[in-house]
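For clarity, every value in this text was computed on a predicted model and none was experimentally measured.
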Amino acid sequence: MSALPAPERVEGFGLYNVSVSPVYRPSSLNALRDALAACAARGEAPVFRGSGRSYGDASLNALGPVIEMTGLNAIAGFDEATGIVRAGAGLTLGALWQFSIPLGFWPPVVTGTMHVTLGGAVAMNVHGKNGWRKGTIGDHVESVSVLKSDGRVEEIARGTPAFDDVLGNWRPQGPIVEVSLRLKRVATGYLDVEAFATPNLTATLDALDRAKDGWDYVVGWMDCWAAGAGLGRSVVHVANEHALKEGEPRGLSVAEQTADVRMGPLPAPVLLLGLRLTAGGPQMRLVNLAKYVSAAAHGRKRYRQSLVAFSFLLDYLPGWNEAYRPGGFIQYQLFVPKAAAGAALEKALRLQHDAGVVSSLAVIKRHRADPSPRGYVPDGFSLALDFPVTRRNASRLVRLCRAFDALLLECGGRAYRAKDCVGSVERLAGARGGRP
Ligand SMILES: Cc1cc2nc3c(=O)[nH]c(=O)nc-3n(C[C@H](O)[C@H](O)[C@H](O)COP(=O)(O)OP(=O)(O)OC[C@H]3O[C@@H](n4cnc5c(N)ncnc54)[C@H](O)[C@@H]3O)c2cc1C
């Protein structure tokens, strides 16, 4: 049986939620069985952890051990005819795209970071910037294998009640050990991107809604500081697979993908220092203003970008979340049905102004409804709001999140557990998957 590991500090990605736990790091199924047996012998229920990219406490255990699943990361098979890859739950999206891009495949749904594991992606049923076209990752999972309490591995196919019980279940009975995922075939590793400014919330919602039918990827960066006639103004990015011209490189290598990642003229260490000095400060108001004004001045801007540069830009500033120490930061992501979106998101913006706590980075997306039993995504919009936590704003921030909770109840929306840091929505709504 595994020895009890020494307790260590375990953090959510936002660095605001912390626990101290013994962490098991099995690198084989047998080592995982041993860790589970050791927990059971002590009467402790472990919490499973992928890469710890959930912002809050989803992969923390205030009451006991954590089992980190990243060691179970082997690719067991890939069928080029169907695009189905079978891989350990600890494999990251980053390792997956590096494997699949030279074969002309890309994960059908990716998150804003490539460090997420397949197990963590399934347990939260993650979504991407192509939420309208491709739904959530669960729409592309063929089966999951789960380690049962008697030590057996059970493969569960999609379309069964047992599958519905695993998908989006962030507190499962047993760990997911393998995932079969259908990848998307791509002719090129590049996207044709268009960026344009929208002057207010109505224009932003309208642009995202209209873009969803002609574009694979649709996302907006909202300037939450803007008030009055500019409330909800944004910079919208839409993208489709690049229309390949004869003789052009296809961009189907890791080197071509990463060569396209450009942060601007400043090197990463300087950018990180800049972020450290501005994170949480009033300067972020100017950064948002500059981004909007520059997009508005350029009109409709068109460019080609690699899938990696478009999807995972922030990963090339490793440790950017550290800039928010000591208080950390939280993210609150509101999902609101389309019919209620105009009024609800306007209220979400006004609540920030009234509270004197305004999001430093806000991302808006258009989604199709996810019908899975634990689904959190309506046919509508999501707005993800980042807030640095400081000594001065902490209590106002918690009150603001409570006001968002109430707003979501009012408009039939949902919060997203992967981002939740101070959450009460599940408890208020009595929804499944609430905190233990
Ligand atoms: C920069 C950034 C951008 C992001 N962008 C998006 C986005 O665009 N869309 C989106 O949907 N999310 C996004 N996220 C959130 C992230 O995708 C989810 O929190 C995801 O679940 C993290 O995966 P992980 O492997 O780090 O899992 P963790 O955060 O470690 O765990 C997540 C949950 O899964 C459970 N879990 C993990 N592995 C297993 C397993 N093998 N078996 C059973 N349960 C398991 C954990 O107990 C926990 O409840 C983003 C996060 C960051 C930091």
Side-chain angles (χ1 to χ4, degrees), residues 9-20 52-63 170 222-227 231-232 275-288 320-336 343-364 376 382-411 413-431 433-436:
R9 186 181 164 92
V10 188
E11 295 174 323
F13 185 77
L15 308 172
Y16 172 75
N17 299 82
V18 180
S19 72
V20 174
R53 253 54 186 187
S54 294
Y55 278 72
D57 65 356
S59 60
L60 308 187
N61 189 358
L63 304 172
W170 59 275
M222 192 177 279
D223 174 4
C224 289
W225 266 282
L231 190 84
L275 187 60
R276 193 157 291 139
L277 295 174
T278 54
Q283 304 89 332
M284 288 308 290
R285 181 179 191 152
L286 291 177
V287 173
N288 275 270
W320 62 264
N321 59 335
E322 299 284 335
Y324 290 90
R325 286 194 194 280
F329 69 112
I330 67 168
Q331 190 177 103
Y332 195 111
Q333 188 167 11
L334 303 102
F335 281 83
V336 292
L345 295 182
E346 181 178 334
K347 190 165 176 187
L349 291 166
R350 293 197 191 285
L351 282 169
Q352 295 174 60
H353 293 182
D354 294 348
V357 187
V358 177
S359 171
S360 51
L361 176 71
V363 175
I364 182 162
Y376 58 93
S382 69
L383 181 63
L385 302 166
D386 281 14
F387 299 98
V389 184
T390 65
R391 218 182 265 267
R392 285 179 53 214
N393 77 1
S395 57
R396 278 178 294 148
L397 192 48
V398 172
R399 277 201 301 278
L400 178 63
C401 292
R402 294 287 168 268
F404 288 154
D405 293 349
L407 170 59
L408 288 178
L409 283 181
E410 230 171 78
C411 75
R414 291 292 300 269
Y416 180 27
R417 194 61 187 79
K419 309 293 180 69
D420 179 38
C421 298
V422 293
S424 66
V425 163
E426 291 99 340
R427 276 175 290 162
L428 277 171
R435 282 172 189 230

Where Ala355 and Leu400 come nearest, the two heavy atoms and their spacing = CB-CD1, 4.2 Å
So do the side chains of Met222 and Leu345 get within less than 4.5 Å of each other, counting heavy atoms only?
-> no
Considering non-hydrogen atoms only, spot the tightest contact between Ser360 and Asn288 and give its length.
-> O-ND2, 3.0 Å
Quick one: list whatever passes ring-ring contact (aromatic ring centres under 6.0 Å, His included) with Phe387, sequence neighbours left out.
-> none
Begin with the C-alpha distance, continue with both residues' side-chain angles, and end with the deciding distance and a verdict on side-chain contact (heavy atoms from CB on, under 4.5 Å) for Tyr332 and Leu408.
-> CA-CA 12 Å; Tyr332 195 111; Leu408 288 178; 3.4 Å; yes
Just wondering, more than 12 heavy atoms not from Arg325 lying within 6.0 Å of its CZ?
-> yes
Leu385 side, atom CG; Leu334 side, atom CG - distance, nearest 0.5 Å = 6.0 Å
Give, for atom OG of Ser19 and atom CD of Glu11, the distance between the pair rounded to the nearest 0.5 Å.
-> 9.5 Å
Between the main-chain N or O of Ala384 and the side-chain N or O of Gln331, is there a donor-acceptor pair closer than 3.5 Å?
-> no
One should read off an interatomic distance between Arg402 CZ and Leu397 CG, to the nearest 0.5 angstrom, of 10.5 Å
Atom CG in Asn321, atom CG in Asp386: separation rounded to 0.5 Å?
-> 10.5 Å
Heavy-atom pair of closest approach, residues Leu60 and Gly12 = CD2-N, 3.9 Å
Step-by-step side-chain contact (heavy atoms from CB on, under 4.5 Å) determination, Arg417 to Asp57 = CA-CA 9 Å; Arg417 194 61 187 79; Asp57 65 356; 2.8 Å; yes
Applying ring-ring contact (aromatic ring centres under 6.0 Å, His included) to Phe329 and not counting sequence neighbours gives Tyr55, Trp320, Tyr324
CZ of Arg396 to CG of Asp354, rounded to nearest 0.5 Å, is 12.0 Å
Residues Ala362 and Leu383: closest non-hydrogen pair is CB-CD1, 4.3 Å
Given side chains that start at C-beta, do those of Val10 and Asn61 come closer than 4.5 Å, heavy atoms only?
-> no
State, to 0.1 Å, how close Ser382 and Gln333 come at their nearest heavy-atom pair, and which atoms those are.
-> OG-NE2, 3.2 Å
One should read off an interatomic distance between Leu275 CG and Glu322 CD, to the nearest 0.5 angstrom, of 11.0 Å
Closest heavy-atom pair, Asn393 versus Pro388, reported as atoms and distance to 0.1 Å, is ND2-O, 2.9 Å
4.5 Å side-chain heavy-atom contact, Ile330 and Cys401 | yes
Hey, does Arg9 have a side-chain heavy atom less than 4.5 Å from the side chain of Val18?
-> yes
Residues which pass salt bridge (charged side-chain N to carboxylate O under 4.0 Å, His left out) with Arg350, listed by chain and number, not counting sequence neighbours | Glu346
